[in-house]
Amino acid sequence: MIHVKPIKFYDTKSGSLRLFEPVTPGVATIYSCGPTVYNYAHIGNFRNFVFVDVLRRTLRLFGYNIKHVRNITDIDDKIIRKAVEENTTVQAIAAQFESAFFQDCDYLRLQKVEYNPRATEHIVDMIDLVKVLIEKGYTYERDGSVYYKIGRFENYGKLSHIDLSSVRSGARVDSDEYLKEDARDFVLWKGRREHEPYWPAPFGEGRPGWHLECSAMSRHYLGPTFDIHTGAEDLIFPHHENEIAQSEAANGVEYVRYWLHCAFLNMKDQKMSKSLGNIITARKLREDGIDGLAVRYFLLSVHYRKPLAFSMEAIESARTAVNRLQTFYSRIASAAASQSKRQEQDSADPLTRIRSDWYDALGDDLNTAKALGVLFEMLREYNTRMDMDRVDSVLAGELLSFLDEADSILDVMRPDSEDELSSKIDDMIVKRQAARLARDFREADRIRDELSQMGIVLEDTREGVRWRKI
RNA sequence: GGCGGCGUAGCCAAGUGGUAAGGCAGAGGUCUGCAAAACCUCCAUUCAUCGGUUCAAGUCCGAUCGCCGCCUCCA
């Protein structure tokens, strides 16, 4: 018996909220467009990856098993250009920035994804796909390159709702610098060029076009039809539209059931993008000592389909909010660990309502902004009750268990564990408490100052002494 | 030009017909050896503007103004 909680997603193709019903009950198959590893990813890129992280964590919490692919694009025009600029190899550039990407993922506490295939490891699958398209007559060759003939694909434009008649042939610059019959066509396989990596193929040596890898790798890992495809909204056209054209022409079945797209992160009122030069990398924030959890919270604080403006003020305000949540979490955790008896019975405990509001918010197209609101209502409610001694350890245990569920999505409440350091700090705190009891405040303050030198701030509270890093 | 989206308090933001969640900042208070932190309370007669539908509209319809995105590499 499979038991999952209902969840709705806004699907770009239908333009509406739809109840999620996967191909296989209880299992969600997901493909996410991953990074092109030619540079450090900026936090606009990471808004998208944090959104994907929330998606997979929510599906897990809602009872689904998930099979999730996020590709690494390690062969591409920009990587080649970068390798030339740096006078090194494509592989070296790709390896460097792939490893940087995973470090940045840790900084933002992104969960590991089940499959992280590199494009260059699936050239064979791409060649197979092109072969099928050639056999079915969806292609033509020109100067050793293979192109996809959009005119052959009946439903072209159904994702982006683009009117093909408005995209006139020859009206635009061919930025690929390859020769196409029709401006709308796109390249599947780029014929070999001097000083560029290439692979052998029945239709000629060369390298894959941009869209090919996602169609090939998703089919390899997830099959011809899978449940959810994610990306940022600029990928709707042409990238995802072209994936549909490739995959549905080759496989003859529906490619993706739910298309989810994330809105941009803006700087002032403009999108953050490398070409505009207004980017901030995750790496830069980390080097500046900005807490990754504050950044994560900031990215979660607005619904993923709404534009979000970056500012340091917003990050600071997120930092303060995260602090409050962490304080609340540790207050509940100590109450749960204590043996306190309830002073008064509460007939109308709101936990059930809070929990159900939380699930409703996430089940409504991943509304993290609303879910956070629910969490802060809970915070105020139970802080008041604890001030009145109306929370015993049993109730606190239930609250803690819910907070753990909530944090299985947010992942901002529980601090990183630092065992060696924290046991030393705990020793010093015990000594200071002894000094305070003996009213030796000079010694107590000396210990506090020493901890302060180590970057540790103490807080004397009703539930005992807490510490945190600054 | 085509398509799509947005405009809610000082800032951020939830809210798709039933009488404005939440966060940050600000003001007051509680706790405390001191400090720091935390905690509590208060903080929008009003939702860009103007019309309309309705018993009822931030929410639906129309118009206007402003902003953004995609249509070309882009997360």
Side-chain angles (χ1 to χ4, degrees), chain A residues 12 15 17 32-36 41-52 76-78 81 157 160-167 171-176 183-184 210 230-239 241 261-266 268-276 279 297-298 301-303 305-309 311 313-325 327-328 330-331 357 361 364 367-380 383-384 386-388 436 439-441 444-445 448-449 452 457-463 465-468 470:
Chain A
T12 304
L17 280 175
S32 298
C33 283
T36 300
H42 59 70
I43 51 173
N45 301 133
F46 277 106
R47 181 186 192 192
N48 170 48
F49 296 125
V50 167
F51 146 65
V52 167
D76 145 274
D77 292 355
K78 293 189 291 293
R81 195 188 316 136
S160 53
H161 309 114
I162 223 160
D163 178 9
L164 267 187
S165 61
S166 70
V167 185
R172 283 175 288 130
V173 179
D174 180 355
S175 61
D176 274 337
R184 305 168 301 176
W210 176 28
T230 75
E233 57 186 4
D234 56 347
L235 296 187
I236 297 169
F237 187 91
H239 182 52
E241 199 70 72
H261 292 100
C262 178
F264 289 123
L265 184 68
N266 294 331
K268 303 256 173 16
D269 279 332
Q270 273 192 315
K271 77 186 262 197
M272 181 179 288
S273 83
K274 281 163 190 156
S275 46
L276 289 170
I279 65 163
Y297 180 97
F298 164 70
S301 67
V302 174
H303 186 85
R305 286 193 288 112
K306 286 280 186 74
L308 171 61
S311 70
E313 293 71 34
I315 297 291
E316 278 159 28
S317 127
R319 175 65 261 179
T320 308
V322 168
N323 261 336
R324 272 184 80 197
L325 289 176
T327 301
F328 180 66
S330 72
R331 189 179 186 189
D357 285 354
D364 183 14
N367 194 336
T368 47
K370 190 180 195 176
L372 284 170
V374 172
L375 211 53
F376 277 100
E377 274 177 51
M378 173 188 181
L379 180 148
R380 196 177 55 213
N383 271 325
T384 305
M386 282 198 285
D387 287 348
M388 296 190 296
R436 290 179 74 202
R439 304 194 68 77
D440 181 359
F441 295 121
D445 288 350
R448 186 169 63 195
D449 288 345
S452 163
V457 176
L458 296 189
E459 296 164 12
D460 299 334
T461 74
R462 283 160 55 98
E463 284 80 25
V465 182
R466 275 199 300 268
W467 62 271
R468 63 187 175 84
I470 45 167

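Letters go in sequence order (proteins before strands), and every chain restarts at 1.
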Q) For Lys268(A) and rC67(B), is the shortest distance between a side-chain N/O and OP1 or OP2 below 4.0 Å? A) no
Is [N] paired to anything, Watson-Crick or G-U wobble with both distances less than 3.5 Å, and if yes, which nucleotide?
N: rC43(B); answer: none
N: rC70(B); answer: rG2(B)
N: rU53(B); answer: none
N: rG10(B); answer: rC24(B)
N: rA38(B); answer: rU30(B)

Dump every N/O contact between nucleotides 12-15 of chain B and the protein below 3.5 Å, one line per pair.
| unit_1 | atom_1 | unit_2 | atom_2 | d |
| --- | --- | --- | --- | --- |
| rA14(B) | OP2 | Lys306(A) | NZ | 3.0 |
| rA14(B) | O3' | Asn367(A) | ND2 | 3.0 |
| rG15(B) | OP1 | Asn367(A) | ND2 | 2.5 |

- request: State whether the aromatic ring of Phe264(A) stacks on the base of rG69(B), taking stacking to mean ring centres under 5.5 Å apart and ring planes under 30° to each other.
  value: no
Do any N or O atoms of the protein come closer than 3.5 Å to N or O atoms of nucleotides 36-39 of chain B, and which pairs are they?
| unit_1 | atom_1 | unit_2 | atom_2 | d |
| --- | --- | --- | --- | --- |
| rA37(B) | O2' | Glu459(A) | OE1 | 3.0 |
| rA37(B) | O2' | Glu459(A) | OE2 | 2.9 |
| rC39(B) | O2' | Asp387(A) | OD2 | 2.5 |

Need one value for Ala321(A): base, sugar-phosphate or nothing, where a base atom within 4.0 Å counts as base even if backbone is also close, heavy atoms only.
sugar-phosphate
Margin query: Students often get this wrong, so: under 4.0 angstrom with heavy atoms, is Ile236(A) touching a base, only sugar-phosphate, or nothing?
Written below: nothing
Asn266(A) CG to rG7(B) C1', in whole Å, measures 14 Å
